[in-house]
Amino acid sequence: MVEKNRQVKKGAVLLACTAMVVAGLAWAVDEQQVIESRQSNYRELGGAYKGIRDELQKRKPLMIMVRQHVDQLGMLAHSQANADWFPAGSGPEAGIETEALPVIWEQRDEFDRLREELNQEAIMLADVLASGDMDALADQHRALGMVCKQCHDVYRLEDD
Amino acid sequence: MVKVKIWDLPIRIFHWLLPLLLGFSWYSAETRAMDWHRYSGYAVLGLLIFRLCWGLWGSHSARFASFIKGPASVLAYVRGPKPLAPAIVGHNPLGGWSVAALLLVLTVQVGSGLFAVDVDGLESGPLSRLVSFDAGRSLADIHEVSFNILLALVAVHLVAILWYEFARKERLVMAMLHGHKQLDSDSHSSLPPTPSSLPVRLLAALGLSAVMVYLISSGFRF
């Protein structure tokens with residue numbers, strides 16, 4: 001009886017350990033996925049921003065390209081404001097290469113406010129595009145870029 | 001003793017403008033004065049194109065053909081001068097490679113800057129529209145790394161000058177200022193005479209540099 005109890009205990013401990021390891025692995029994989037998709041999404045957002053800029057610098061911008069980039073930027077800006085791309089634990093403590101600084105989670109309200117501001121600027125960009133005023137579009141494009149910079153200056157590890 | 005002209009005026013102006021502009025480029029990048037950084041970069045681009053032209057059809061000591069030597073010459077130079085060997089006018093075989101290395105890294109530096117994109121997408125080089133955002137970001141990283149390599153080469157350059165100045169008593173800095181070198185009258189290799197077409201060659205080099213800087217800085221948009 002005692003022997004059986006001991007075996008059951010052993011089994012339980014082993015099971016608990018396995019569960020912890022699996023959970024730990026799952027958590028690590030999860031963090032990696034969160035960080036990597038966040039990075040890839042922001043890169044895409046940067047690409048859309050650059051795409052608009054490249055068109056605006058042409059003498060005759062291709063409107064179909066401008067529209068496509070503005071749409072993509074709007075979608076990503078909306079997503080980063082409304083979905084949580086920065087869940088707790090997805091900072092440098094995850095041990096995965098990221099330029100997200102811990103101050104994001106220390107000043108969460110201000111960070112979230114900037115995320116929403118980016119979304120609003122992107123909505124305005126789409127409105128200005130619909131108005132057809134290209135000078136206003138260039139101004140709004142720059143205003144949106146300033147929000148990127150505002151956030152990067154504080155919450156992103158400077159890489160230069 | 002005889003006074004021999006080794007560096008012509010264009011080479012000396014090129015030489016001294018380069019550290020000034022590199023310093024200013026560094027400062028403007030650090031202080032995020034990116035408009036000034038771009039102007040400074042265009043000026044360095046102009047200097048670089050001019051130097052490459054001058055290396056092909058400039059005065060004798062400026063030409064790559066006169067100072068890019070094979071490994072045997074470099075080794076012989078490092079082992080020390082042979083008795084009665086003529087004095088070197090212009091870059092020595094080792095220094096020639098240092099010039100080549102500096103020009104090569106400078107080309108990477110300027111070239112990567114032309115296509116670089118900053119993380120906010122607000123600032124970018126004049127040719128960045130030709131590459132993707134990711135490629136532009138990678139080139140910005142290369143721009144940074146190559147600057148550090150450039151600094152290392154500059155450090156080697158300065159140490160070498162100090163060594164020649166104090167250990168070999170060769171006044172390289174003064175020579176780069178006034179363009180002349182004092183030599184024992186019969187100990188130097190004979191210099192080819194300055195061709196009379198030099199002013200035309202100079203105009204061609206300056207003209208080509210100006211046109212290229214104009215085209216590149218405007219991103220080839222006409």
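Below, read A as the first sequence line, B as the second, and so on, with proteins coming before strands; counting in each chain starts at 1.
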*Should we say atom CG of Leu203(B) is surrounded by more than 12 heavy atoms from elsewhere, each under 6.0 Å from it?*
yes
_Portion of Gln57(A) that has a non-hydrogen atom of chain B nearer than 4.5 angstrom_ = both
*If you count heavy-atom pairs under 4.5 Å with chain B, which of Gly47(A), Gly145(A), Gly46(A) comes out on top?*
Gly46(A)
*For the candidates Asp134(B), Val117(B), Leu130(B), Asp118(B), which exhibits the highest count of non-hydrogen atom pairs separated by less than 4.5 Å from chain A?*
Asp134(B)
*Is it true that atom CH2 of Trp36(B) has more than 12 heavy atoms of other residues, nucleotides or ligands lying nearer than 6.0 Å?*
no
*Tyr39(B) atom OH, over 12 foreign heavy atoms within 6.0 Å*: no
*Is the number of heavy atoms from other residues, nucleotides or ligands under 6.0 Å of Met212(B) CE greater than 12?*
no
*Applying side chain to side chain contact (heavy atoms under 4.5 Å, CB included) between Val119(B) and each of Arg43(A), Lys149(A), Arg156(A), report the one that passes.*
Arg156(A)
*CH2/Trp57(B): more than 12 non-hydrogen atoms of other groups inside 6.0 Å*: yes
*Near Met146(A) CE, under 6.0 Å, is it more than 12 heavy atoms from other residues, nucleotides or ligands?*
no
*Arg53(A) and Ser128(B): side chain donor to acceptor below 3.5 Å*: no
_Separation of Lys50(A) NZ from Arg137(B) CZ (nearest 0.5 Å)_ = 12.0 Å
_Using 0.5 Å steps for rounding, measure from the OH atom of Tyr49(A) to the CG atom of Asp120(B)._
8.0 Å
*Hey, what do you get for CG (Leu45(A)) to CZ (Phe133(B)), rounding to the nearest 0.5 Å?*
8.5 Å
